[in-house]
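Numbering of residues begins at 1 and proceeds along the displayed sequence.
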Amino acid sequence: MAPIPGSGLAKGLAVTLRTMTRKSVTAQYPDTQPELPPRSRGVIGLFEENCTVCMLCARECPDWCIYIDSHKETVPPAAPGGRERSRNVLDRFAIDFSLCMYCGICIEVCPFDALFWSPEFEYAETDIRDLTHERDKLREWMWTVPAPPALDPGAEEPKEVAAARKTAEKLAAVQADEPGQEGRA
């Protein structure tokens with residue numbers, strides 16, 4: 001069957017008329033804050049106490065927008081007769097958000113959970129040079145990081161926890177048997 005000439009135009013006009021009669025739903029942004037998903041990607045927050053200056057985040061960043069400077073410090077021995085150790089101390093941790101593409105690779109590769117996604121998205125600047133945020137600013141955003149979602153109650157226990165529980169149960173069984181054997185001797 002051949003289409004009726006002009007039927008496409010009539011369908012398009014019908015859609016236009018239906019949407020024209022509806023009330024628009026425009027949220028006036030500065031007055032009304034948007035409802036964001038709980039784990040939305042806004043800005044990267046730094047938990048400085050966990051950072052060991054391993055440089056994994058800076059090396060893995062495809063945009064090279066993470067700048068880290070550090071120095072080595074000598075730590076005295078923990079026990080008498082021990083040897084001194086050296087450790088890295090963080091001097092500068094900065095992220096240039098004008099270059100960042102928000103891929104999250106830096107957060108994924110951090111083995112010490114020092115970087116987190118914060119839903120904070122209002123950090124616009126009038127000058128592009130001000131989009132390089134230093135560690136003080138990154139630390140301020142940590143309070144906006146939501147708590148991780150609860151574990152699934154139906155999920156199986158991690159292998160590490162199961163192995164640790166078995167070892168603890170064996171140790172408890174051995175310790176329970178030892179007092180009974182001492183009484184016999």
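Using a 4.5 Å heavy-atom cutoff, the side chains of S40 and F121 are not in contact. Using a 4.5 Å heavy-atom threshold, the side chains of H71 and N88 count as separate. Side-chain contact between T74 and K72 is absent, with no heavy atoms from C-beta onward closer than 4.5 Å.
Within a 6.0 Å radius of CZ in R83, other residues, nucleotides and ligands contribute 12 heavy atoms or fewer. Residue I128 places its CD1 atom among 12 or fewer non-hydrogen atoms of other residues, nucleotides or ligands, all under 6.0 Å distant. Counting non-hydrogen atoms of neighbouring residues, nucleotides and ligands closer than 6.0 angstrom, the CD atom of E156 reaches no more than 12 such neighbours. Other residues, nucleotides and ligands contribute over 12 non-hydrogen atoms within 6.0 Å of the CG atom of L171.
For the ring pair (Phe, Tyr, Trp, His ring centres under 6.0 Å) with H133, the lone residue among W141, F93, Y67 that qualifies is W141.
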Under 3.5 Å donor-acceptor pairs involving side-chain atoms of residues 43-58, not counting sequence neighbours:
| from | atom 1 | to | atom 2 | distance (Å) |
| --- | --- | --- | --- | --- |
| E48 | OE1 | R139 | NE | 3.0 |
| E48 | OE1 | R139 | NH2 | 2.4 |
| E48 | OE2 | R135 | NH1 | 3.1 |
| N50 | ND2 | F112 | O | 3.2 |
| N50 | ND2 | D113 | O | 3.1 |

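The CZ atom of F97 lies 12.0 Å from the CG atom of D63; values are rounded to the nearest 0.5 Å. Within the model, atoms CG of L99 and OG1 of T132 stand 7.5 Å from one another, a figure rounded to the nearest 0.5 Å. Rounding to the nearest 0.5 Å gives a distance of 14.5 Å between CD of E140 and OH of Y123.
When every heavy atom of I107 is checked against every heavy atom of F116, the shortest pair comes out as CD1-C, 3.8 Å. Of all non-hydrogen atoms in P62 and M101, the two that sit nearest each other are CG-CE, 3.3 Å. Nearest heavy atoms, D96 versus S98: OD1-OG, 2.6 Å. Shown here for S70 and D91, the closest heavy-atom pair between the two residues is C-OD2, 3.4 Å. For P119 against P146, the heavy-atom pair with the smallest separation is CD-CD, 3.7 Å. In terms of heavy atoms, C110 sits closest to L115 at SG-N, 4.2 Å.
Side chain of T32 to main chain of Y29: no donor-acceptor pair is present (N/O by atom type, distance under 3.5 Å, no hydrogens or angles). Judged purely by atom type and a 3.5 angstrom limit, S24 has no side-chain atom pairing as donor or acceptor with the backbone of T26. Checked by atom type and distance alone, the side chain of R87 never pairs as donor or acceptor with a backbone atom of V75 at under 3.5 Å.
W117 and I105 end up in different hydrophobic clusters when Ile, Leu, Val, Met, Phe, Trp and Tyr side chains are linked at under 4.5 Å.
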